[in-house]
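Just below is one structure, and these are the notes that go with it.
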Amino acid sequence: MEKYDVAIIGSGPGGYVCAIRCAQLGMKTVLIEKYSSLGGTCLNVGCIPSKALLDSSEHYHQAKHQFEEHGIGLKDLKVNFEQMIKRKRGVVEQTVGGIDFLMKKNKIDVLTGTASFESNTVINIEGEKTSKIEAKKVVIATGSKPGSLPFITLDKERVITSTEALELKEIPKKMIVIGGGVIGLELGSVYARLGTEVSVVEYMDGIIPTMDKTMGKELQKSLKKIGIEFYLSHKVKSVQNTGKSVTVKADNKKGEEISLEADCCLVSVGRTPYTKGLGLDKAGVKLDDRGRVEVDGHLKTNVDNIYAIGDVVKGAMLAHKAEEEGMFVAEHMNGEHPHIDYNLIPGVVYTWPEVASVGQTEEQLKESGRAYKAGSFPFKASGRARASMDTDGVVKVLADKETDEVLGVHIIGPRAADMIAEAVVAMEFRATAEDISRMSHAHPTFTEALKEAALAATDNRAIHI
Ligand code: FAD
Ligand code: NAD
């Protein structure tokens, strides 16, 4: 039986990053993945393919709705959806191929098959070949799967999850999205841009309800412009595939029923941690009350040599959060003292405009009683945004009322996903709003809107509004 310093189960962004860091630190490392394609949800059926389709559909949408204004005429514009999906597959293949290369480069053994514990140090791998390995330390990085509601049958034809929505054979005429969170709005945007009539049914009274409320309100306005309909404060009670279509029934808060019909229904009500078939009981590893692997502040389970990271443990289900935890665990196992500030893990929604956020929301600050000040700057006042016809959105900076320390930055607008990095750096170094406002920002750029919002927060000193 082959012996390793560390075995990592699952090759998503948590698992493969952890494997590379372990190898860099000189540990003999094995990565076990049940699929032949490495990279987990993120690379195969998550972040990467969804962004490929978001980019393709946004190009089409711009060509259709904005090129004329730019003075560009296009005749016979049409979508070749098969090619769009083919390109997306190509992007995934290339990205996944990159992980194979990194495993070889770092001399990490890769085993294909489903891993299950025989004990806390012995792992069985069942794939085309069955094998067994022994490891001093084990990292569980088995990620998550799409969640659903108890009364819904995910038939994967008409009632689908994000995985099927990334591989549709044709553009649906109508689509119902259950859940106005990240997946529902990103994939709903893809199809709305391509001409699908999209209806979003959301249980809460706003979309992206965990983010700062201003973001949800502004995003809803922008998404309405591309034709998405919203049914907020509606509780879905039935989803029926009738053969030729799907019918979704939901009640509003007064108990009034709506009935929607479409070609397909995307169920995007959250994801659930994945531990099936791992044999956790044989290793004695405990789950928490929500089915996640229970870990302490060092991401260690109740079993001394077993750690867990990423979507399978508590916290935001984000690729970069999983990566940070992968690095953390590798370094902790090596006797180092790494640190993760979970408050400074940014969240991004890749709609257009994009939404990006770090730190506390205004609602959280109010609830905690922290005295704060807020400064905002709308993109319609930005020269760069006018030049590119991307004037929807706003930057909001929240800072401590007394010390001026930045407590939260919330951006809805063009390239918000990239812009949020500046706020993360500033907050990592505990910058004040005035610090951001005194740094030179190249002109004309979208980032000037952050400087202006920081000026607004500092002393209501924004220049361009
Ligand atoms: P995963 O990526 O889920 O990987 C777990 C791996 O473990 C899988 O490959 C699985 O096959 C394997 N596995 C499970 N059990 C076993 C076993 N017993 N033996 C062997 N292998 C096993 N996050 C972002 O930050 N940005 C985005 O833009 C983004 N977009 C997304 C879009 C969609 C449509 C979806 C669904 C998710 C998106 N996410 C995004 C979330 C992101 O994909 C996850 O947070 C991330 O993949 C979690 O990484 P992980 O390593 O914990 O697990
Ligand atoms: P989510 O938690 O973002 O959104 C789920 C939404 O469904 C919520 O708004 C919730 O209120 C609503 N909901 C729940 N039950 C409902 C019901 N019965 N009826 C109507 N609405 C209901 O979950 P998701 O969109 O499925 O995404 C899953 C995870 O994947 C998220 O945690 C997210 O972090 C991750 N993800 C991230 C990105 C990104 O970073 N850009 C993209 C996609 C997915």
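Any value given below was found using the heavy atoms of this structure, including those in side chains, with hydrogens, waters and symmetry copies removed. This is a predicted model, so every value here is computed, not measured. Both counts, for ligands and for their atoms, begin at 1 and track the order of listing.
For the pair Val349 and ligand 2, the shortest N or O to N or O distance does not fall below 3.5 Å. Here's the thing with Gly14: one of its N/O atoms is less than 3.5 angstrom from an N/O atom of ligand 1. Remark: ligand 1 and Arg271 share no N or O pair separated by less than 3.5 Å (distance only, no angle test). Geometrically, ligand 2 and Met317 share a nitrogen or oxygen pair separated by less than 3.5 Å. Considering backbone and side-chain N/O of Glu202, one or more are found under 3.5 Å from N/O of ligand 2. In terms of polar-atom proximity, defined here as any N/O pair under 3.5 Å, Ile309 makes no such contact with ligand 1.
The 12-atom threshold is not exceeded at NZ of Lys249, counting heavy atoms of other residues, nucleotides or ligands nearer than 6.0 Å. Other residues, nucleotides and ligands contribute only 12 or fewer heavy atoms inside 6.0 Å of the CZ atom of Phe429. Few gaps surround OH on Tyr342; more than 12 heavy atoms of other groups in view lie less than 6.0 Å from it. For OH of Tyr274, the number of neighbouring non-hydrogen atoms (other residues, nucleotides, ligands) closer than 6.0 Å is greater than 12.
Looking from atom 19 (N) of ligand 1 to the surrounding protein, the closest heavy atom is Ala115 N, 2.9 Å. In terms of protein heavy-atom proximity, atom 5 (C) of ligand 2 is closest to Ser268 O, 3.5 Å. Closest to atom 29 (C) of ligand 2 among all protein heavy atoms lies Arg271 CD, 3.8 Å. Atom 4 (O) of ligand 2 has its closest protein heavy atom at Gly181 CA, 3.3 Å. Nearest protein heavy-atom neighbour of atom 42 (C) of ligand 2: Val182 CG1, 3.3 Å. The closest protein non-hydrogen atom to atom 11 (O) of ligand 1 is Glu33 OE2, 2.7 Å. Annotation: atom 18 (N) of ligand 2 to nearest protein heavy atom, Leu149 CD1, 3.4 Å. Scanning all protein heavy atoms for the shortest distance to atom 20 (C) of ligand 2 gives Tyr203 N, 3.3 Å. Looking from atom 7 (O) of ligand 2 to the surrounding protein, the closest heavy atom is Gly179 CA, 3.3 Å. Taking atom 16 (C) of ligand 2 as the reference point, the nearest protein heavy-atom neighbour is Val269 CG1, 3.7 Å.
Close contacts between ligand 2 and Pro209 involve ligand atoms 9 (O) [criterion: under 4.0 Å to a heavy atom]. Taking every non-hydrogen atom of Met204 and a distance limit under 4.0 Å, the qualifying atoms of ligand 2 come out as 11 (O). Near Thr114, meaning under 4.0 Å from one of its heavy atoms, ligand 1 places the atoms 18 (N), 19 (N). Every atom of ligand 1 is numbered from 1 in the order shown, and the set under 4.0 Å from a heavy atom of Thr142 is 5 (C), 7 (O), 14 (C), 15 (N), 16 (C). The Ile183 neighbourhood of ligand 2 comprises atoms 24 (P), 25 (O), 26 (O), 27 (O), 28 (C), 43 (C), 44 (C), with distances under 4.0 Å to a heavy atom of that residue. Of all atoms in ligand 1, listed by their number and element, those nearer than 4.0 Å to a heavy atom of Lys51 are 27 (C), 28 (O), 29 (C), 30 (N). Residue Val348 approaches ligand 2 through these ligand atoms, each under 4.0 Å from one of its heavy atoms: 39 (C), 40 (O), 41 (N). Of all atoms in ligand 1, numbered sequentially from 1 with element shown, those under 4.0 Å from a heavy atom of Cys42 are 2 (O), 43 (O), 47 (O). Heavy-atom proximity to Tyr350, at under 4.0 Å, picks out these atoms of ligand 2: 41 (N). Numbered from 1 in the order shown, with element, the atoms of ligand 1 that lie under 4.0 Å from a heavy atom of Gly113 read 19 (N), 20 (C). The atoms of ligand 2 that sit less than 4.0 Å from any heavy atom of Glu186 are 39 (C), 41 (N), 42 (C). In summary, the atoms of ligand 2 found under 4.0 Å from a heavy atom of Val201, numbered by their order in the structure, are 20 (C), 21 (N). Taking every non-hydrogen atom of Met317 and a distance limit under 4.0 Å, the qualifying atoms of ligand 1 come out as 41 (C), 45 (O). Atoms of ligand 1 found under 4.0 Å from any heavy atom of Leu318 (numbered from 1 in listed order, with element): 23 (N), 25 (O), 45 (O). Close approach of ligand 1 to Gly310 is summarised as follows: ligand atoms under 4.0 Å from at least one heavy atom of the residue are 52 (O).
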*Can you check side-chain contact (heavy atoms from CB on, under 4.5 Å) on Arg21 and Glu331, steps first, answer last?*
CA-CA 8 Å; Arg21 190 70 189 118; Glu331 290 170 5; 2.7 Å; yes
Show your working on side-chain contact (heavy atoms from CB on, under 4.5 Å) between Leu450 and Val397 and close with a plain yes or no. CA-CA 8 Å; Leu450 176 56; Val397 171; 3.8 Å; yes
Exercise. Between Leu25 and Met333, does a side-chain contact (heavy atoms from CB on, under 4.5 Å) hold up when you go through it step by step?
Worked result: CA-CA 10 Å; Leu25 292 168; Met333 291 190 298; over 6 Å; no
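Residue contacts with ligand 1, taken as heavy atom pairs separated by less than 4.0 Å, involve Ile9 solely via side-chain atoms from C-beta onward. Residue contacts with ligand 1, taken as heavy atom pairs separated by less than 4.0 Å, involve Leu278 solely via side-chain atoms from C-beta onward. For Cys47, heavy-atom contacts with ligand 1 shorter than 4.0 Å involve the backbone as well as the side chain. The side chain of Ala322, and not its backbone, has at least one atom closer than 4.0 Å to an atom of ligand 1 (non-hydrogen atoms only; side chain from C-beta on). Of all the heavy atoms of Lys321, none lies under 4.0 Å from any atom of ligand 1, so neither backbone nor side chain is involved. Proximity of Val182 to ligand 1, defined as any heavy-atom pair under 4.0 Å, is not found for any part of the residue. Looking at Pro146 against ligand 1, nothing comes within 4.0 Å, counting heavy atoms. Contacts between Ser50 and ligand 1, counted as non-hydrogen atom pairs separated by less than 4.0 Å, involve the side chain only.
Heavy atoms of Gly270 come nearer than 4.0 angstrom to ligand 2 in at least one pair. Note on ligand 1: Ala141 sits in its first shell, one or more heavy atoms being nearer than 4.0 Å. In this structure, Ile125 does not count as a contact residue of ligand 1, since none of its heavy atoms falls inside 4.0 Å of the ligand.
With 3.5 Å as the limit, one finds a donor-acceptor pair spanning the side chains of Thr161 and Glu164. Side-chain contact annotation: Asp212 with Thr214, donor-acceptor N/O pair under 3.5 Å present. In summary, the side chains of Gln360 and Asn343 do present a donor paired with an acceptor at a separation below 3.5 Å, with no hydrogens or angles considered.
A cation-pi arrangement is absent between Lys235 and Tyr203 under the rule of less than 6.0 angstrom and at most 45 degrees off the ring axis.
The main-chain N or O of Cys265 is never found under 3.5 Å from a side-chain atom of Arg158 such that the two would form a donor-acceptor pair.
Using a 30° and 60° split on the angle between ring planes, His234 and Tyr231 fall in the perpendicular class, above 60°. His298 and His332 have parallel rings, their planes meeting at less than 30° on a 0 to 90° scale where 60° marks the start of perpendicular.
Checking each of Asp281, Val303, Val122, Ile140 against Phe117 for a side chain to side chain contact (heavy atoms under 4.5 Å, CB included) leaves exactly one that passes, namely Ile140.
Nearest to atom 49 (O) of ligand 1 by heavy-atom distance, out of Gly12, Ser11, Pro13, is Pro13.
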